[in-house]
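To keep things clear, I will list the structure first and then write my remarks on it.
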Protein chains: 2
Amino acid sequence: MLDAIDRAILRLLQHDATLSVQAVAEQVNLTTSPCWRRIQALEDQGYIRRRVALLSRQPLELGVDVFVFIKTNQHNDRWLNDFTEAVLAMPEVMEAYRMSGDVDYLLRVVVRDIDAYDRFYKQLVSRVKLADVSSSFAMEQLKYTTELPV
Amino acid sequence: MLDAIDRAILRLLQHDATLSVQAVAEQVNLTTSPCWRRIQALEDQGYIRRRVALLSRQPLELGVDVFVFIKTNQHNDRWLNDFTEAVLAMPEVMEAYRMSGDVDYLLRVVVRDIDAYDRFYKQLVSRVKLADVSSSFAMEQLKYTTELPV
DNA sequence: GTTGAAAGCCGTTTACC
DNA sequence: GGTAAACGGCTTTCAAC
């Protein structure tokens with residue numbers, strides 16, 4: 001189980017993965033070598049999944065978020081497999097959830113502009129049978145973080 | 001503007017930021033030093049926003065995603081500021097969007113369980129006046145990526 | 001068994017072509 | 001864009017507690 005120091009290390013690294021072991025050690029009042037062993041253990045035990053670079057969307061001209069609400073009438077494993085494969089294969093789909101309630105699936109899609117979304121949409125409905133699809137555009141992203149509340 | 005090599009570098013780094021400069025260089029058919037200069041430039045120009053560690057949710061017992069659909073009746077800057085400050089301050093809110101359509105705002109909230117969501121919910125409605133709030137729980141996360149389609 | 005210091009090693013970074 | 005050398009941090013080992 002994790003103690004307070006492990007949690008502090010995780011908080012630091014999910015905020016900034018470029019921190020040197022030494023810098024992390026200082027912030028948690030440890031010397032480098034026990035701190036290094038803890039980080040190693042957190043990786044081995046799977047608490048740290050990966051380290052990635054987060055890009056800026058504005059200069060890449062990927063400013064548009066679209067939420068796609070999907071209903072299906074085929075509630076079986078085969079359909080779910082096909083649908084899952086389709087969303088995994090489409091790089092515009094950043095997130096996909098199976099939902100409770102009257103919407104069956106929810107996607108967050110990132111595209112350059114409305115035209116690009118239209119192309120995405122046509123591709124999606126051509127790949128999988130969907131009973132009902134409704135799209136909502138985000139006007140503004142107020143918050144986006146990858147930092148879990150540990 | 002970005003050429004094909006810069007885009008390839010961005011794709012590699014947003015997938016795995018632990019790649020050494022040498023490893024990236026090999027994959028894009030460059031030697032380390034021009035590759036290093038390109039990465040440096042991509043950071044200076046703001047294409048690379050930051051490098052972070054992504055944690056696993058299961059061992060941290062943060063398995064529940066809740067989408068919160070919010071309507072307000074106060075469409076003014078002051079209210080929006082208060083709302084934005086509230087969601088920025090609440091670590092359970094991973095994403096927040098101002099939407100088009102009949103829902104005004106959409107949140108993705110990550111919590112340990114339903115009880116934790118109830119506590120979050122009470123805290124949220126006590127902080128800001130909301131006309132209508134409806135919550136939808138995700139049964140399953142089919143996809144989650146931070147990799148933009150560059 | 002755990003911590004801290006010290007040393008080798010490897011990747012990053014810079015100067016120069 | 002490439003080469004080569006200096007630099008700094010990561011990783012490991014070992015002694016001390």
- Message: At less than 4.0 Å, is any side-chain N or O atom of B:W36 found next to OP1 or OP2 of C:dT12? Yes or no.
- Response: no
- Item | Cluster check B:M99, A:F137: I/L/V/M/F/W/Y, side chain < 4.5 angstrom | no
- Query: Across the strands shown, which category fits B:R38 at heavy-atom distances under 4.0 angstrom: base, sugar-phosphate, nothing?
  - Reply: sugar-phosphate
- Whole-Å distance between D:dT3 P and B:L30 CG? 11 Å
- Item | Between C1' of C:dT13 and CD of B:Q40, the distance in whole Å | 9 Å
- Gap between atoms CD1 and C1', on B:I5 and D:dG1 respectively (whole Å): 10 Å
- Could you check which of D:dC10, C:dT3, D:dT3 has an atom nearest any side-chain atom of B:S33? D:dT3
- Message: I need the CD-C1' distance between A:Q22 and D:dC7, as an integer number of Å.
- Response: 15 Å
- Query: For B:E43, which of B:R49, B:R51, B:R50 qualifies under side chain to side chain donor-acceptor pair (under 3.5 Å)?
  - Reply: B:R51
- Task: Would you indicate what B:S20 reaches in the nucleic acid, counting non-hydrogen atoms under 4.0 angstrom: base, sugar-phosphate, or nothing?
- Result: sugar-phosphate
- B:P34 side chain, from C-beta outward: closest of D:dA4, C:dG4, D:dG1: D:dG1
- Query: Heavy-atom count around A:N76 CG within 6.0 Å, excluding the residue itself: above 12?
  - Reply: yes
- C:dG11 P sits how many Å from A:R51 CZ, rounded? 16 Å
- Note on the structure: Atom CZ of B:R37 and atom P of C:dT12 are separated, to the nearest Å, by 15 Å
Donor-acceptor list for residues 52-68 of chain B side chains, cut-off 3.5 Å, not counting sequence neighbours:
{"residue": "B:S56", "atom": "OG", "partner": "A:G46", "partner atom": "O", "Å": "2.6"}
{"residue": "B:R57", "atom": "NE", "partner": "B:L62", "partner atom": "O", "Å": "2.9"}
{"residue": "B:R57", "atom": "NH1", "partner": "B:D65", "partner atom": "OD1", "Å": "3.3"}
{"residue": "B:R57", "atom": "NH1", "partner": "B:D65", "partner atom": "OD2", "Å": "3.0"}
{"residue": "B:R57", "atom": "NH2", "partner": "B:L62", "partner atom": "O", "Å": "3.0"}
{"residue": "B:R57", "atom": "NH2", "partner": "B:D65", "partner atom": "OD2", "Å": "3.0"}
{"residue": "B:D65", "atom": "OD1", "partner": "B:R108", "partner atom": "NH1", "Å": "2.9"}

